[in-house]
Novice: 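There's a structure below that I have some questions on.
Labels below follow one simple rule: chain letters A, B, ... track the order of the sequence lines, proteins then strands, and each chain is numbered from 1.
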Amino acid sequence: MAFVQQSSPHAHKARPTSKVMLWVILAALPGLLAQTLFFGWGNLINVVWCIAIALASEAAVLKLRSKPIAFVLKDNTAAVTGLLLGLSMPQFAPWWVSAVAVISAIVIAKQLYGGLGSNPFNPAMVGYALVLISFPVAMTTNWAEPALLWEGAPSFGDTLAAIASGQQTAVDGWTMATPLDEYKHKIGSHTASEVLAHPTFGEGVARGWEWVNAAFLLGGLVLIGLRIITWHIPAAFLGALIVMSLAFGSNADQFAPLSLHLLAGGTMLGAFFIATDPVSAATSHQGKLIYGAGIGVLIYLIRSWGNYPDAVAFSVLLMNFAVPFIDHYTPPRTYGHHKPRRGFSGGGRS
Amino acid sequence: MTKLWDFNGGIHPAENKEISTGRSIQVAGIPAQLVLPLQQHLGAPAEPSVNVGDRVLKGQKIADVSHGKCVPVHAPTSGVIESIGDYPVPHPSGMADRCIVLKPDGKDEWCERFPISDYRSLERDQVLGIIHSAGIAGMGGAGFPTDIKLKPPRDRKVDTLILNGAECEPYITADDMTMRERADKVVAGLKIMAWILRPERCVIGIEDNKPEAAVALREAIQGTQIEIAVIPTKYPSGGEKQLIQILTGMEVPSGGIPADIGVICQNIGTAVAVAQAVFEGSPLISRVVTVTGEALERPGNFDVLLGTPMTYLLEQAGLQPDRVSRLVLGGPMMGYTLNTTAVPVIKTSNCIIAATASELPAPPPEQACIRCGQCAEVCPMELLPQQLFWHAKATEFEKAEHLNLFDCIECGACSYVCPSSIPLVQYYRYAKGEIRVQRAEQLKADRARERFEARQERLEREQQEKELRRKERAKAAAEAQAKKKAEAEKAADSGEAVDERAAKSALVEQALARKKASTEASTAKATATAEPELELPDLETLEKQFTQAQSKLESMQAMLEDAKAQQADNVDKLERAVAKNHDRVKRAEEALADARKTLAAQTEPQSIK
Ligand code: SF4
Ligand code: SF4
């Protein structure tokens, strides 16, 4: 009788990486649904397009690197990268802008660094930051005006035409600056109430955006509930953003109010879906808190004093830089040891 | 309600315990052959005390303590010793080891036993002796000799005695069934151990998935101080370090033992064995083994004679050979696979799983680590499994060690959750093995260096001794001549000395006299420098005499000090003698200096030549 010879443990939990990624995709669907309901077909088309490009470019690189294509594609990580970019792009962003973002994310940020698990930077945000710098106009003028899907938003065909042609003629009159952009550029010369009178803000915090953020928040909570992500990064991220806003932004005539910070931009998508990308985030719980808080602080700083109205991509990338240091200085205290070995003393002691 | 603490991480794997709890503990019976390894415990192997062909009785000692940490082995039934030699033993490496093979005669005839009903009337060391000679070693896994564990270092006060009934590994129910059916023996054994250790607290920890066991034990502890702590089911709560944390909130220091924090942990099976050793006089010759898995028709718990081949045991449980794909000795989290059923049950075997292919499927192929951190989240030792893995894979063992690799208890929780199916524990074992090999080599190299250095030193010393002997011979010759020259003066002085010898401080004066003589002799030699042929030996003699005079002076001063301290009446005399000697030493020194000068003046031109 020949018996299987195997090293322990002999039992395994059946939740492979591919399933984890699938859950991430599913959890993002409420957000995508809200985007579609409140801003039309743009995001949906972008998501499909970006996922397709992501899979194709990943397959191409794998082929060049002579790696098993189907085995790797099945881990769903390329699909998640495509999804995140699709969700982040302006609704009417021309197809090539999205393609450049996705290809640079997969080819440069991920595969050139050695593939899944070896990339120090969040691939989706590398792609996003790249096109934000390279195509500043396309990335700021192609945002859709909030309009309910069933109440006059541009039709599927018109949206597709706009994306495919890169011309806004088909959707003329349906573009609008994002609320954060609007606020940032008007607040210098107007009072808060004057700025907020703009239709982009609507009755609540920011028309449509509030629902989109709420939906991503919901999806994020599901991920935490399923233990696919832990609460540390989103909590620290949002907590830091709130603290910064309360500390520096009390004057609405000078800085965007807290509600806008939380509900108007890519905040919730960033906090729950982007910053939590495990590969490029810090690993220990303490490290995750520092990492998340760092992103929150940077977002506030860039939004308030920087050149970009939304700052999730740059903040995440900057904190990616810091991850090796954070990891190095936040080892857990192992059972039976008095103290973790830290690189420097400080913090904690007052 | 006992206060409980939590430990970091942990997992909830499918328990699969119901497979083997359906029937009460069955007696497995006597197989055709019993194979008894000489080492079933942690430490040194026992030495056979019987010969091939001997007839032995049940319970008779057949292998005794050789040296070091060791427990004896007993015959599980009566029969004839068939052979003593190497046979496959349960070990992850599938190795063979020395065993005694016993052919049962079917009579199951006991040797004479000495049960003790009132152990409290004995000395504690006597009871420890009974436990030792009953061959009891920890029956939970490691097999640490129980008597040694029950005798912690004197400076360690044991506050808490823990009986580990957590049994957190899936599948295994041996302790569960033992607690259910033999609660009285469990408690009796625990009481004996508590009597030996005199702890302040004595607690049995049971996971909350064993309610029947908890009920049975509750009944058995009536009227005692023993606590029962029902703890939440979470793997690995039964790990010694984790259970201690759950029940006391304390952590065993890294590299230390529980006794360092005043805790001792014992196993359920061990408690039963202790009770049987004391109250029945029976050594450890059988144990309860869980025989389980879907490839068996009649899984359950069996009371098995030690040395019973797994083949026999699996047959008892109705093994379906065509269905079994993997044989695991121990639990699915920490057990190891067997490549043969020929190995025997030993003191530490608690479970054998005959699993079908679908029951314990091969893990999916290893993927890249996505740094998800789930491994760190579940690690009960709060390690960084992911970083350990990177370093182990890159063979950066030093870094892995720096991240406390050796604190890993190989519980397998990290591998269990890893979404990329990375066999993390396998990497850690590999790294630990490599580090151990490196260390052993380093040790060997160090030893070799030490040996080399020792040899060098010895050779040097021998050389020096040779040189010294040569010099001494030369000195002796010189001294003989010097003596002759000093004879006349010495004679006069010694008369005086004889008189003084009569005095109270005879001993001191004698020394003084000798000093005088030799110092004066050296003075004489110094004046004799005119004789060129004597120059060289002269200097040596002078040197020797000078140092002798000096040491005499020193010892006399010491005597004087003593005398002063005791307020002896010869203090005055001694003081005078010392003063005199001072002069003599000074003179000897001067003489020596003179001699050196003359010698230098004469030898210099020669050496230039
Ligand atoms: S669980 Fe596996 S994939 Fe996740 S960080 Fe640990 S080793 Fe990497
Ligand atoms: S096997 Fe080691 S590293 Fe993995 S969870 Fe257990 S103690 Fe932690």
Side-chain angles (χ1 to χ4, degrees), chain A residues 1-21 23 67-68 71-72 74-77 80 114-120 227-230 232-233 276-285 287-288 323 327-328 330-338 340-341, chain B residues 7-8 11 13-14 170 241 245 251-256 321 324-328 330 332-339 341 353 355 357 360 362-365 367-373 376-377 380-384 386-387 402-404 407 410 412 415-417 419-421 423 425-426 429:
Chain A
M1 244 184 290
F3 304 112
V4 172
Q5 297 297 299
Q6 181 117 37
S7 173
S8 69
H10 305 279
H12 295 274
K13 186 162 95 174
R15 191 153 83 184
T17 300
S18 54
K19 283 228 179 88
V20 170
M21 294 299 156
W23 275 111
K67 300 256 170 169
F71 176 70
V72 176
K74 266 195 288 184
D75 67 23
N76 289 334
T77 52
V80 168
L116 178 62
S118 309
N119 47 299
R227 298 173 132 259
I228 282 172
I229 59 172
T230 63
H232 303 82
I233 292 176
T276 53
D277 163 44
V279 179
S280 53
T283 47
S284 70
H285 286 170
K288 282 177 182 170
V323 160
D327 276 351
H328 189 254
T330 56
R333 185 195 61 90
T334 302
Y335 177 107
H337 288 255
H338 283 301
R341 304 159 323 283
Chain B
F7 65 92
N8 184 71
I11 52 172
K241 291 178 170 162
Q245 195 176 10
E251 294 179 10
V252 182
S254 174
V324 59
S325 99
R326 195 185 309 199
L327 272 184
V328 179
M333 296 305 296
M334 293 183 73
Y336 50 89
T337 47
L338 293 178
N339 55 12
T341 56
I353 307 172
L360 294 180
Q367 281 169 292
C369 166
I370 56 167
R371 293 174 36 101
C372 67
E377 210 139 293
M381 298 302 290
E382 289 168 82
L383 297 165
L384 289 168
Q386 176 205 145
Q387 276 86 335
H402 183 67
L403 291 178
N404 304 327
D407 285 302
E410 297 182 16
S415 304
Y416 177 81
V417 295
S420 292
S421 318
V425 180
Q426 209 174 320
R429 282 205 194 101

Novice: So which residue, B/V425, B/L327, B/L360, ends up with the most heavy-atom pairs under 4.5 Å with chain A?
Specialist: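 The answer is B/L327.
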Novice: Can you tell me how far the CG atom of A/N76 sits from the OG1 atom of A/T17, to the nearest 0.5 Å?
Specialist: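 It is 9.5 Å, given to the nearest 0.5 Å.
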Novice: Please classify the contact between A/V20 and chain B as side chain, backbone, both or neither, with a heavy-atom cut-off of under 4.5 Å.
Specialist: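 Side chain only.
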Novice: To the nearest 0.5 Å, what is the distance between CG on A/D75 and CD1 on B/I370?
Specialist: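 Atom-to-atom, A/D75:CG and B/I370:CD1 are 8.5 Å apart.
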Novice: Between chain A and each of B/A362, B/G373, B/C369, count heavy-atom pairs under 4.5 Å; write down the option with the most.
Specialist: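 Among the listed options, the one with the most contacts to chain A is B/C369.
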Novice: What is the minimum heavy-atom distance between B/A14 and B/Y416, and which atoms define it?
Specialist: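 Between these two residues, the closest heavy atoms are N-OH, 4.2 Å.
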Novice: Report the residues that fulfil side chain to side chain donor-acceptor pair (under 3.5 Å) with B/E410, sequence neighbours left out, ordered by chain and then residue number.
Specialist: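 B/E410: side chain to side chain donor-acceptor pair (under 3.5 Å) contacts with B/R429, B/K432.
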Novice: As an exercise: rank B/G256, B/G335, B/A376 by heavy-atom pairs under 4.5 Å with chain A and give me the winner.
Specialist: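 Highest number of pairs under 4.5 Å: B/G335.
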Novice: Can you name the residues that form a side-chain contact (heavy atoms from CB on, under 4.5 Å) with B/S254, not counting sequence neighbours?
Specialist: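 B/S254: side-chain contact (heavy atoms from CB on, under 4.5 Å) contacts with A/H337, B/D407.
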Novice: Would you mind checking which part of A/D327 comes under 4.5 Å of any heavy atom in chain B, side chain (CB onward), backbone (N, CA, C, O), both or neither?
Specialist: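 Interface part for A/D327: side chain.
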Novice: How far does OG1 of B/T341 sit from CZ of A/F3, to the nearest 0.5 angstrom?
Specialist: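 Here the rounded value is 5.5 Å.
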Novice: Measure the spacing between CG of B/L338 and CD of A/Q5 and express it to the nearest 0.5 Å.
Specialist: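 Output value for this atom pair is 7.5 Å.
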Novice: I need the A/R333 CZ to A/S284 OG distance, nearest 0.5 Å.
Specialist: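 Spacing of CZ (A/R333) from OG (A/S284) equals 14.0 Å.
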Novice: Under a 4.5 Å cutoff for heavy-atom pairs, which residue among A/R227, A/H285, A/Q6 has the most contacts with chain B?
Specialist: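 Answer, by heavy-atom pair count under 4.5 Å with chain B: A/Q6.
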Novice: Which answer fits B/S415, side chain, backbone, both or neither, if we ask what part of it has an atom under 4.5 Å from a heavy atom of chain A?
Specialist: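 Interface part for B/S415: both.
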Novice: Answer with side chain, backbone, both or neither: which region of A/T230 has an atom nearer than 4.5 Å to a non-hydrogen atom of chain B?
Specialist: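 Looking at A/T230, just its side chain touches chain B.
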Novice: Between B/P253 and chain A, which part of the residue has a heavy atom less than 4.5 Å away: side chain, backbone, both or neither?
Specialist: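 The answer is both parts of B/P253.
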Novice: Contact part of B/I353 toward chain A, heavy-atom cut-off under 4.5 Å: side chain, backbone, both or neither?
Specialist: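 Interface part for B/I353: neither.
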Novice: Answer with side chain, backbone, both or neither: which region of B/M333 has an atom nearer than 4.5 Å to a non-hydrogen atom of chain A?
Specialist: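 For B/M333, heavy atoms of backbone and side chain both lie under 4.5 Å from chain A.
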Novice: By a 4.5 Å heavy-atom criterion (distance strictly below it), what part of B/V252 contacts chain A: side chain, backbone, both, or neither?
Specialist: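 It is both, since atoms from each part get that close.
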Novice: Examine whether an atom of B/C372 lies under 4.5 Å from a heavy atom of chain A, and if so say whether it belongs to the side chain, the backbone or both; otherwise answer neither.
Specialist: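 Contact with chain A involves both backbone and side-chain atoms of B/C372.
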Novice: Rounded to the nearest 0.5 Å, what separates atom OG1 in B/T337 from atom NE2 in A/H10?
Specialist: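 Atom-to-atom, B/T337:OG1 and A/H10:NE2 are 5.5 Å apart.
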